[in-house]
Amino acid sequence: MTKIFSFYVALLFCAAANGQTLLILGDSLSAGYNMSIEQSWPSLLSAELQTLDKSTTVVNASISGDTTNNALARLPELLSLHKPTSVLIELGANDGLRGFPPALVMGNIKQIINLIKAQNGSPILMQIQVPPNYGKRYSQAFSSLYPQLSEKYNTPLIPFFLEEVIVKPQWMMNDGLHPTAEAQPWIAQYMAKQLAPYLRNR
């Protein structure tokens, strides 16, 4: 009996030691905008990662309307509470829609990356694009800040999933900005494939 008990204790310890938590720090694109949270792609992500042999606890800390500054203010408490091994940074869309200076967005994301690394977490950055009607100069300056940050801070950069979704009108809400509930399973599968190389095997 003692040997069996010791075996299960060791097994539980091993599982805890090998466990990993992915925190999603995002905005309405990840927060399940106008749908139940269970339908949102982050809620479906853990199961998709499991199929790729990447057993991961997913914590969705996304809030609709969040800017990089809002998320930066929330981050220290989130890191302390969840102690994530990895953090997906899906931010900047609201900054761009409000015409915030790219330098301001870059500075906020830089601080987010540094905070994550200071807590021994691994940041993963998602590319964000703004609509072309903001002008070519602004759009290019905005989109280029992500690869610059990725290179400077040695942070993985993954593609913007909305670019794959927006080409299918049936997957977009009437506002032209947010994916529908029907698009969420595909997004979860897509994101699992993008994130898997940067997560540990179970």
Over all atoms of both residues, closest heavy-atom pair of [X] and [Y]:
{"X": "S86", "Y": "L199", "answer": "OG-CD2, 3.7 Å"}
{"X": "S43", "Y": "I37", "answer": "OG-O, 2.6 Å"}
{"X": "T67", "Y": "D95", "answer": "CA-OD1, 3.4 Å"}
{"X": "Q129", "Y": "E163", "answer": "CG-OE2, 3.6 Å"}
{"X": "S30", "Y": "N60", "answer": "O-ND2, 2.8 Å"}
{"X": "I112", "Y": "T68", "answer": "CD1-O, 3.9 Å"}

Rounded distance (nearest 0.5 Å) linking atom [atom1] of [X] with atom [atom2] of [Y]:
{"X": "T85", "Y": "I116", "atom1": "OG1", "atom2": "CD1", "value": "11.5 Å"}
{"X": "E90", "Y": "I124", "atom1": "CD", "atom2": "CD1", "value": "13.0 Å"}
{"X": "Q189", "Y": "L52", "atom1": "CD", "atom2": "CG", "value": "8.5 Å"}
{"X": "E48", "Y": "L195", "atom1": "CD", "atom2": "CG", "value": "11.5 Å"}
{"X": "I166", "Y": "F160", "atom1": "CD1", "atom2": "CZ", "value": "8.0 Å"}
{"X": "K193", "Y": "L49", "atom1": "NZ", "atom2": "CG", "value": "12.0 Å"}

| Ring centroid separation for Y190 and W41, is it under 6.0 angstrom? |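 That pair fails the under 6.0 Å test.
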| said: So that I know where these two stand, are W171 and W186 an aromatic pair - ring centroids less than 6.0 Å apart? | reply: yes
Check for me, please, whether [X] and [Y] land in the same ILVMFWY cluster - side-chain distances under 4.5 Å, paths through other members count.
{"X": "M106", "Y": "L104", "value": "yes"}
{"X": "Y134", "Y": "Y146", "value": "yes"}
{"X": "Y33", "Y": "M126", "value": "no"}
{"X": "L23", "Y": "L81", "value": "no"}

Taking the side chain as every heavy atom from C-beta outward, state whether [X] and [Y] have any pair of such atoms under 4.5 Å apart.
{"X": "Q20", "Y": "S55", "result": "no"}
{"X": "I63", "Y": "N70", "result": "no"}
{"X": "K110", "Y": "N114", "result": "yes"}
{"X": "L149", "Y": "K152", "result": "no"}
{"X": "Y153", "Y": "L125", "result": "no"}
{"X": "V87", "Y": "L22", "result": "no"}
{"X": "M173", "Y": "M35", "result": "yes"}
{"X": "D66", "Y": "R74", "result": "yes"}

| Within the distance-only criterion (no hydrogens, no angle test), does the side chain of S62 pair as donor or acceptor with the backbone N or O of G26 below 3.5 angstrom? | yes
| request: Kindly say whether G19 contributes a backbone atom to a donor-acceptor pair with the side chain of R200 at under 3.5 angstrom? | output: yes
| request: Please name the residue in the list L162, N34, L29 that meets the side-chain contact (heavy atoms from CB on, under 4.5 Å) test with H178. | output: L29
| query | Can you name the one residue among I24, L44, L88 that meets side-chain contact (heavy atoms from CB on, under 4.5 Å) with M191? | reply |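 Per the side-chain contact (heavy atoms from CB on, under 4.5 Å) rule, the option paired with M191 is L88, out of I24, L44, L88.
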For atom [atom1] of [X], decide whether the heavy atoms of other residues, nucleotides or ligands shown that lie under 6.0 angstrom number more than 12.
{"X": "N154", "atom1": "CG", "answer": "no"}
{"X": "E151", "atom1": "CD", "answer": "no"}
{"X": "K117", "atom1": "NZ", "answer": "yes"}
{"X": "R98", "atom1": "CZ", "answer": "yes"}
{"X": "N133", "atom1": "CG", "answer": "yes"}

| request: For the pair I113 and I89, evaluate side chain to side chain contact (heavy atoms under 4.5 Å, CB included) and give the outcome as yes or no after the intermediate values. | output: CA-CA 8 Å; I113 290 172; I89 307 165; 3.8 Å; yes
| Chi angles and distances behind the side-chain hydrogen bond (donor to acceptor under 3.5 Å, both in side chains) call for E77, S80 | CA-CA 5 Å; E77 184 177 357; S80 176; over 6 Å; no
| message | According to side chain to side chain donor-acceptor pair (under 3.5 Å), who are the partners of N69, at least two apart in sequence or on a separate chain? | response |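 In terms of side chain to side chain donor-acceptor pair (under 3.5 Å), with neighbours along the sequence ignored, N69 is linked to no residue.
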| Going by distance alone, is a donor N or O of one side chain under 3.5 Å from an acceptor N or O of the other, for Q50 and S46? | no
